[in-house]
Amino acid sequence: MKKKSSYKNLVLIKHPLVERDITILRDKKTKSEIFRSAVTRISNVLAVEISNAFSISEFKVDTPLEKTKGFRLKQEIVLIPVLRAGLAMVDGFLQLIPDAKLGHIGLERNEITLLPNSYYFKTPKNLSKSEVILLDPMLATGGSASAAISVLKKRGAKDFVFACLLAAPEGVKKLLKDHPDVIIFSAALDRQINKKGYILPGLGDAGDRTFGTL
Ligand code: PRP
Ligand code: URA
């Protein structure tokens, strides 16, 4: 299900269902409700791939018949969607990791400078002991993801994965340069960003398409 990429620390997901769903997202005719359900399905697959590296611990469980070996996740998982568009990925992750905690980071790109402006931050305490999965569908210039991770590091977070749907080479390079310890999981690697900071071929504005604010 994973595809090698030319970037260290970028894992690309290769799966026929993901290819189909990315196409649904790219199609400008796709309505918000269909868009959201495709994001959820891709997020399911990302959650499976990312959680493959989680540690588990063994304990005894009583079946109705006898005792046997059981397993639980060792670490607490914290999902942190970047508002707004990252919210669309939350359901798909929670379906597979229902006991994950949630934090929220509000960032909005300035349309002229393309720099992220922070307007909200609330996360569970004790991030240093948690596996943090940052959720944002788009890695374009990389400014938002890099800023989000810098803030989380200041709050103590140590183990990061960044999960996105589409990544541009510019964003991958910036994020891995600013935070070489982060692993990026993406459903696709697109060609480039345009002058307005949009990913090409892309899917347009992920927040607007998710929430119908076009
Ligand atoms: C989008 C997206 C990312 C950011 C990516 O958010 O969800 O957070 O742009 O761009 P970057 O890599 O160049 O920083 P946007 O600022 O459009 O806000 P929204 O989710 O509220 O629409
Ligand atoms: N943010 C989006 O929503 N889309 C892009 O193509 C780039 C940044």
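Quick caveat, the model's predicted, so the values are computed rather than measured. For the numbers below, each heavy atom of this structure counts, side chains included, while hydrogens, waters and symmetry mates do not. Both counts, for ligands and for their atoms, begin at 1 and track the order of listing.
A salt bridge links Asp181 with Lys153: the distance from a Lys NZ or Arg NE/NH1/NH2 to an Asp or Glu carboxylate oxygen falls below 4.0 Å. With salt bridges taken as basic N to acidic carboxylate O contacts below 4.0 Å, none links Arg41 and Asp91. In summary, Glu76 and Lys101 engage in a salt bridge, as defined by a charged side-chain N under 4.0 Å from a carboxylate O. Using a 4.0 Å cut-off between charged side-chain N and carboxylate O, Asp21 and Arg26 make no salt bridge. With respect to the salt-bridge test (charged N to carboxylate O, under 4.0 angstrom), the residues Lys174 and Asp178 qualify.
Distance check, rounded to the nearest 0.5 Å: CG of Asn110 to CD of Glu108 gives 9.0 Å.
Within a 6.0 Å radius of CD1 in Ile112, no more than 12 heavy atoms belonging to other residues, nucleotides or ligands are found.
Of all atoms in ligand 1, numbered sequentially from 1 with element shown, those under 4.0 Å from a heavy atom of Asp205 are 17 (O), 22 (O). Proximity to Glu108 (heavy-atom distance under 4.0 Å) selects the following atoms of ligand 1: 16 (O).
Remark: distances from the non-hydrogen atoms of Gly142 to ligand 1 include one below 4.0 Å.
The minimum heavy-atom distance between Phe93 and Ala163, with the atom names listed, is CZ-CB, 3.9 Å.
Closest protein heavy atom to atom 10 (O) of ligand 1: Arg109 CD, 3.3 Å. Of all protein heavy atoms, the one lying nearest to atom 8 (O) of ligand 1 is Asp136 OD2, 2.5 Å. If you check which protein heavy atom lies closest to atom 4 (C) of ligand 1, you get Ser144 OG, 3.5 Å. Protein heavy atom in closest approach to atom 18 (O) of ligand 1: Leu107 O, 4.0 Å. Atom 11 (P) of ligand 1 has its closest protein heavy atom at Thr141 OG1, 3.3 Å.
Judged by the 6.0 Å distance and 45° axis criteria, Arg72 is positioned over the aromatic ring of Phe59.
Distance remark: protein heavy atom not present below 4.0 angstrom from atom 1 (C) of ligand 1. Within 4.0 Å of atom 6 (O) of ligand 1, not a single protein heavy atom is present.
Residue contacts with ligand 1: Val82 is placed with no nitrogen or oxygen under 3.5 Å of a nitrogen or oxygen of the ligand (distance criterion only). Between Ala145 and ligand 1, no N or O atom pair is found at a separation short of 3.5 Å. Not a single N or O atom of Pro137, backbone or side chain, sits closer than 3.5 Å to an N or O atom of ligand 1.
Among Glu170, Lys174, Arg209, Arg84, the residue whose heavy atom lies closest to atom 22 (O) of ligand 1 is Arg84.
When heavy-atom distances to ligand 1 are checked against a 4.0 Å cut-off, Ala206 has no atom that comes that close, whether in backbone or side chain.
The closest donor-acceptor contact from the side chain of His104 to the backbone of Ile80 lies at 3.5 Å or more, if one exists at all.
In the model, Thr213 has a side-chain atom that pairs as donor or acceptor with a side-chain atom of Arg84 under 3.5 Å.
For the side chain to side chain contact (heavy atoms under 4.5 Å, CB included) with Leu25, the qualifying choice from Ile42, Ile34, Thr30 is Ile42, the only one to do so.
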For ligand 2, find each of its N or O atoms that sits under 3.5 Å from a protein N or O atom, and tabulate the pairs with distances to one decimal place.
| unit_1 | atom_1 | unit_2 | atom_2 | d |
| --- | --- | --- | --- | --- |
| ligand 2 | 3 (O) | Ala206 | N | 2.8 |
| ligand 2 | 4 (N) | Gly204 | O | 2.8 |
| ligand 2 | 6 (O) | Ile199 | N | 2.8 |

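Every pair passing side chain to side chain donor-acceptor pair (under 3.5 Å) that includes a residue from residues 47-65 is listed here, sequence neighbours excluded: Asp62-Lys67.
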